[in-house]
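This report refers to the structure that appears directly beneath it.
When reading the values below, keep in mind they use all heavy atoms of this one structure, side chains included, and skip hydrogens, waters and symmetry mates.
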Amino acid sequence: MSGAVGVKEDLSAVNGVGASDSTRLSRAAWQDFAGLYPTDEECLASFLALELAEVLQGAKPANLVCLANKNRSCGRNLYLLWKEHGAVLLEQSGLKVRVLDDRGSSILLLLYSQEALGGLLAQKSVRIILGKAGYRNVDEFDEVLDELQTRVVGEGFPHEIGVFLGYPLKDVVGFMGWAQLAFTCQGPWKIFGKPEQSLRLAECHRECRSRMSSRLASGCSPLDCLRNSSTTVADSYLQERAPFLAVS
């Protein structure tokens with residue numbers, strides 16, 4: 001939500017406030033277990049399963065994933081592996097992808113649940129925000145994503161991307177200066193107004209990521225993790241308080 005640098009920070013900042021030391025270690029552990037998987041396809045699947053843990057478990061509608069065109073510590077180039085195996089892996093996972101920007105040196109992907117993101121973008125409050133941000137056909141899913149893609153590759157960066165990532169709408173409009181909400185605290189994203197709901201959501205995200213990291217580190221098949229993630233934590237959270245709240 002704070003430009004290209006901010007997006008990169010968002011992708012690596014799921015530790016947020018209040019995370020335990022074990023959660024921080026599990027979040028940072030992909031390089032530790034990447035070597036467990038001998039094939040290129042399994043290596044990429046393990047990376048995607050961890051980066052998409054919140055989406056796979058129903059706690060977020062979408063995540064941004066940035067893949068640099070260079071070798072990782074495991075010796076593999078995830079950018080090239082995505083080009084070769086990404087489509088097949090996504091088909092198995094049931095998720096969808098929109099390539100927001102591919103510069104050759106890196107690629108920025110919006111990976112999402114069609115049902116979750118479609119339901120979010122159909123909300124009246126979300127359409128009002130996107131309309132105010134200049135999106136023209138807010139009732140057309142593909143055209144909204146087209147507009148987002150155009151803005152990502154253009155000058156500046158679309159701060160409203162927080163809407164697509166399932167951040168509480170009060171935090172999105174607070175960050176954009178559209179509501180008189182005080183900045184409360186810094187979590188994985190900037191939190192405005194009453195922080196309780198936002199912090200609960202951030203903790204839910206951390207739990208999803210920690211659970212997936214533990215499964216992968218224990219040697220679970222990354223292909224199975226990408227296909228069949230548990231929804232226990234996310235479902236119980238959603239029943240308590242839906243994370244895709246309207247501005248109030």
What residues, two or more places apart in sequence or in another chain, satisfy side chain to side chain donor-acceptor pair (under 3.5 Å) together with Ser46?
-> Trp30
Please confirm whether the backbone N or O of Leu111 pairs with a side-chain atom of Asn63, one donor and one acceptor, at under 3.5 Å?
-> no
Heavy-atom check, side chain of Leu109 versus side chain of Leu64, under 4.5 Å | no
What salt bridge (Lys or Arg N to Asp or Glu O under 4.0 Å) pairs are there with at least one residue in residues 35-44, not counting sequence neighbours?
-> Asp40-Arg76
Parallel under 30°, tilted from 30 to 60°, perpendicular over 60°: which one fits the rings of Tyr167 and Trp189?
-> parallel
Check side-chain contact (heavy atoms from CB on, under 4.5 Å) between Thr184 and all other residues, then give those that pass, not counting sequence neighbours.
-> Ile191, Pro195
Got a sec, which residues hit side chain to side chain donor-acceptor pair (under 3.5 Å) with Ser221, two or more places apart in sequence or on another chain?
-> none
Do Leu48 and Pro222 come within less than 4.5 Å of each other through their side chains, counting heavy atoms only?
-> no
Taking only distance into account, with no hydrogens and no angle test, what donor-acceptor pairs under 3.5 Å do side-chain atoms of residues 98-105 form with protein atoms, sequence neighbours excluded?
from: Arg98; atom 1: NH1; to: Asp146; atom 2: OD1; distance (Å): 2.7
from: Arg98; atom 1: NH1; to: Gln149; atom 2: OE1; distance (Å): 3.1
from: Arg98; atom 1: NH2; to: Asp146; atom 2: OD1; distance (Å): 3.4
from: Asp101; atom 1: OD2; to: Arg103; atom 2: NE; distance (Å): 2.7
from: Asp101; atom 1: OD2; to: Arg103; atom 2: NH2; distance (Å): 3.3
from: Asp102; atom 1: OD1; to: Tyr79; atom 2: OH; distance (Å): 2.9
from: Asp102; atom 1: OD1; to: Gly104; atom 2: N; distance (Å): 3.1
from: Asp102; atom 1: OD2; to: Lys83; atom 2: NZ; distance (Å): 2.5

Selection residues 127-144 - residue pairs positive for salt bridge (Lys or Arg N to Asp or Glu O under 4.0 Å), sequence neighbours left out | Arg136-Glu147
Under the 3.5 angstrom rule, does the side chain of Lys96 hit a backbone N or O of Glu91 as a donor-acceptor pair?
-> no
Got a donor-acceptor contact below 3.5 angstrom from the Glu51 side chain to the Val65 backbone?
-> no
Leu216 side chain near Tyr37 side chain, heavy-atom distance below 4.5 Å = yes
Close side-chain approach of Val126 and Phe164, heavy atoms under 4.5 Å | no
NZ or CZ of Lys170 within 45° of Phe192 ring axis and under 6.0 Å = no
Any donor-acceptor pair under 3.5 Å linking the side chain of Ser214 with the backbone of Ser210?
-> yes
Going through the distances and angles, do Phe141 and Tyr112 end up as a ring-ring contact (aromatic ring centres under 6.0 Å, His included)?
-> CA-CA 12 Å; Phe141 182 86; Tyr112 61 92; 5.8 Å; yes
Using the side-chain hydrogen bond (donor to acceptor under 3.5 Å, both in side chains) rule, take Ser106 and Lys70 through it: C-alpha gap first, then chi angles, then the decisive distance, then the call.
-> CA-CA 9 Å; Ser106 66; Lys70 63 180 182 180; over 6 Å; no
SB check Arg206 Glu203 (cutoff 4.0 Å) = yes
